[in-house]
Amino acid sequence: MLVFPNAKLNLGLHITARRPDGFHTLETAMVPLPWTDALEILPAAEGKTELTLTGRPVPGDPASNLCVRAYELLRADFPQVPAVRINLHKVVPIGAGLGGGSADAAFALKALNIVLNLRLTEQQQEAYARRLGSDCAFFIRNLSALATGRGDELTPLPLPQLASTACKVVYPNLHISTAEAYAGVTPRAPQHDLRTALAGPIETWRETVVNDFEASLAPKFPVLEQLKQQLYAAGAAYASLSGSGSAVFGLWPGLETPPAVEFNANFEVWNGRL
Ligand SMILES: C[C@](O)(CO)[C@H](O)COP(=O)(O)OP(=O)(O)OC[C@H]1O[C@@H](n2ccc(N)nc2=O)[C@H](O)[C@@H]1O
Ligand SMILES: Nc1ncnc2c1ncn2[C@@H]1O[C@H](COP(=O)(O)OP(=O)(O)OP(=O)(O)O)[C@@H](O)[C@H]1O
């Protein structure tokens, strides 16, 4: 079975408290971004589960790749399942705040559910996904949602303004560790109600929709603010860091495609619609 795990963007992100377990409570809107990897899961020819990685190099031991961890998690509960061959072609930037690894984990669970005929409900798949990462549960239903708690409590959040909006995502070739980004933030009460702010026209979001990672990452990574300013200079109605970065995106309501913008030649750019 061949699936295409997509990335996500965060629209606004409030970090509200630090929990005793070291994680943070947050509220953020998550929307699917159609920048995708390709993931194939097949019954294994021999009795051994194997992963083949192509495309962008993925840091870390392949045995701890989130696709393999998704399989191992299911096998612990369903020991009779056969071995599988997993082929992952990695495209989505890593350490970018685009949730690429989390998407691979969730799409692996969804594909394994079908290939191994496990008949898990979406709720059960979300429960497995949560165990692989805070962002993972979002990608099971993969629909725009308000995420609270650790980022894994999801409430549907339709955002009809995004239907006719062009989007540009820029990855400045910078790997930002999610754990380090959280460690640099001082939690605070939100200045605006995110749901109310996002109900307004996209043009108002610049004043009302804030990603709390931006202020703490700005001194260390000035390129992030520079990218936002470049996107605003190119007419974006809203520009922001996604998640814990380093990807920055801009939105152009009413446009089919975003305007061309000259960035450093080492940066990667995705253009399209949400
Ligand atoms: C920044 C976001 O992308 C916003 O959507 C997510 O909150 C990140 O979620 P994720 O990559 O799935 O993160 P996890 O793999 O669960 O955790 C990685 C590390 O980030 C920190 N972390 C993550 C989520 C959270 N709610 N609080 C945290 O403090 C913890 O130090 C944790 O060890
Ligand atoms: N399939 C995978 N794709 C990407 N990273 C993976 C994968 N499996 C394990 N990882 C590990 O997860 C780390 C980061 O994952 P990911 O791409 O989700 O981070 P991110 O882009 O910062 O997204 P976010 O913080 O929003 O979840 C990598 O450094 C890598 O070691």
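Counting starts at 1 for both ligands and their atoms, following the listed order. Quick note: numbers below take in every heavy atom, side chains included, and nothing from hydrogens, waters or symmetry partners.
Given atom 27 (O) of ligand 2, the protein heavy atom at minimum distance is D135 OD2, 3.0 Å. Looking at atom 33 (O) of ligand 1, its nearest protein heavy atom turns out to be F23 CZ, 4.2 Å. For atom 4 (C) of ligand 1, the closest non-hydrogen atom of the protein is N10 ND2, 3.6 Å.
Residue L98 has at least one heavy-atom neighbour below 4.0 Å for each of these atoms of ligand 2: 21 (O), 23 (O), 26 (O).
Contacts between D104 and ligand 2 below 4.0 angstrom, taking non-hydrogen atoms only, involve the side chain exclusively. Looking at L88 against ligand 2, only its side chain comes within 4.0 Å, counting heavy atoms. For S244, every heavy-atom contact with ligand 2 shorter than 4.0 Å involves the side chain, none the backbone.
Remark: R75 engages E72 in a salt bridge, criterion side-chain N to carboxylate O under 4.0 Å. Taking the charged nitrogens against the carboxylate oxygens, K48 and E50 do have a contact shorter than 4.0 Å, which makes a salt bridge.
Each salt bridge (charged side-chain N to carboxylate O under 4.0 Å, His left out) pair with one or both residues in residues 173-196, not counting sequence neighbours, appears once here: R188-D212.
On a distance-only criterion, G99 and ligand 2 share at least one N/O pair closer than 3.5 Å.
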Exercise answer: donor-acceptor pairs, residues 90-105 side-chain atoms, under 3.5 Å, sequence neighbours excluded:
{"residue": "K90", "atom": "NZ", "partner": "D37", "partner atom": "OD2", "Å": "2.7"}
{"residue": "K90", "atom": "NZ", "partner": "D104", "partner atom": "OD2", "Å": "2.9"}

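For atom 24 (C) of ligand 1, the nearest non-hydrogen atom from the set S134, A96, G22, C136 comes from S134.
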Open item on the list: Is there a salt bridge (charged side-chain N to carboxylate O under 4.0 Å, His left out) between K110 and E122? Walk through the geometry before answering.
Closed with: CA-CA 9 Å; K110 291 195 276 191; E122 277 188 329; over 6 Å; no
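Within the 4.0 Å heavy-atom shell around ligand 1 one does not find G151.
There is a protein heavy atom closer than 4.0 angstrom to atom 9 (C) of ligand 2.
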